[in-house]
Amino acid sequence: MNTIQPGFVPLTRAEYDTLTKLLGELLHTQYPPVVIPGEAILGIEAIAASIAAPGRRFLNIVTGPYGTLFGEWLERGGAEVFELRVPFDEVVTAQAVQTAIERSKPHAISFVHAEVVTGGSNPAKEILELARRYDLISVIDSVSAVGGEELPIDSWGADLVAVGMQKALGGPNGVSAVAVSPRGWAFIESNARAPRNSILSLLDLRAPGEGQPFRVPPSIPTLEARALIATLAATEAEGLEQVIRRHEIAAESTAAGLRALGLQGWQRDAARRSTLTTTVRIGDEQLLRIEQPIGIVAPGDGELRGQLLRINHFGASASQEGVETAIKTLAALLEQEATAAIAAVQEVWEAAQ
Ligand SMILES: *Cc1c(COP(=O)(O)O)cnc(C)c1O
């Protein structure tokens with residue numbers, strides 16, 4: 001057996017501790033988040049594997065494709081899954097969630113916080129209030145919410161939260177994180193099926209106490225982890241609130257530009273739109289049926305192709321220049337003059353200064 005890993009320099013314990021500390025600050029949690037040695041979807045699959053078991057009932061809210069996948073992983077683990085699904089041009093209401101909780105009487109509830117694919121954002125704070133009221137374990141995919149919306153994990157009482165830093169924060173995608181509350185750990189530890197000695201094991205990846213050794217030292221990609229530390233430091237320097245504000249203005253100015261172009265948002269409720277992406281309804285407009293992304297304007301993913309266009313105004317593109325370029329792209333596709341729409345975009349950025 002070849003045990004030599006040429007060129008592999010492990011992350012030092014000091015770097016690991018810095019990474020965990022910065023992640024905890026970003027997520028407003030006092031409990032050290034689990035560093036996932038891979039992209040965010042690995043953390044989401046690890047959550048499902050760690051908590052699913054026969055006899056456990058879940059209410060899985062599906063407002064986009066990632067929710068469907070999560071439900072499949074819970075079922076693979078033998079869990080009983082009730083689905084609350086809405087058309088993808090909507091998100092759920094707290095009222096619908098409450099009704100579904102009362103019908104399904106679950107042990108846990110799961111949902112995607114903000115959806116980049118559909119451009120919607122679920123009422124996370126309200127859903128978490130319901131989770132606490134009904135004493136449910138809460139699971140959130142906040143990959144596209146962190147840096148675009150508030151996410152105070154401890155004060156909201158969220159139990160298992162997956163995040164990736166490559167969307168709003170513009171960081172690397174090869175290292176991600178899962179925040180776990182003490183209740184979340186108890187839910188995992190009481191699951192005889194929770195993986196051990198596996199890439200999906202949150203228990204193996206759990207940060208040991210200060211000065212304590214790892215049970216299994218995780219192999220965290222060093223370059224990605226260092227890039228992530230730099231991203232988190234840059235976020236701290238800009239200020240998380242300012243990063244969020246920048247995404248809010250990007251979304252608001254995009255909406256203004258779309259109105260000036262006579263286009264409609266795909267998400268029906270303007271108050272529940274994601275701050276990371278804006279989705280545009282294509283309807284009968286043949287000119288919007290693009291095959292390939294043009295800058296940050298992209299065709300819909302999967303089944304949404306032909307129904308919507310995605311404007312990916314997140315990370316470095318959450319800027320006046322990013323939005324203006326996207327609006328010019330749309331005007332060009334529509335063979336329209338862009339001047340009025342650009343003025344509408346500018347007005348929003350100037351008012352926000
Ligand atoms: C991007 C995204 C993911 C997947 O993240 P990767 O880092 O690409 O694995 C999962 N969930 C949501 C809501 C996302 O937006």
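Whatever order the structure lists them in is the order used to number ligands and atoms, beginning at 1. Since this is a predicted model, take the numbers as computed values, not measurements.
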Checklist entry - Going through the checks in order, is the side chain to side chain contact (heavy atoms under 4.5 Å, CB included) test met by E83 and V62? => result CA-CA 7 Å; E83 202 175 75; V62 180; 3.5 Å; yes
Checklist entry - salt bridge (charged side-chain N to carboxylate O under 4.0 Å, His left out) between E80 and R56: does it pass, once the steps are laid out? => result CA-CA 6 Å; E80 194 181 349; R56 286 188 171 185; over 6 Å; no
Checklist entry - side-chain hydrogen bond (donor to acceptor under 3.5 Å, both in side chains) between T93 and Q95: does it pass, once the steps are laid out? => result CA-CA 5 Å; T93 61; Q95 184 55 55; over 6 Å; no
Next on the checklist: Using side chain to side chain contact (heavy atoms under 4.5 Å, CB included), reason through L22 and T235 one step at a time and then give a plain yes or no.
Outcome noted: CA-CA 10 Å; L22 290 171; T235 301; over 6 Å; no
Item to check | Residue pair S142 / H113, side-chain donor-acceptor N/O under 3.5 Å | outcome: yes
Item to check | Pocket residues of ligand 1, ordered first by chain and then by residue number (heavy-atom cut-off under 4.0 Å) | outcome: E39, A40, I41, I44, Y66, V112, A114, V116, D141, V143, S144, Q166, K167
Checklist outcome for this item: In this structure, CD1 of I41 is separated from OH of Y66 (nearest 0.5 Å) by 5.5 Å
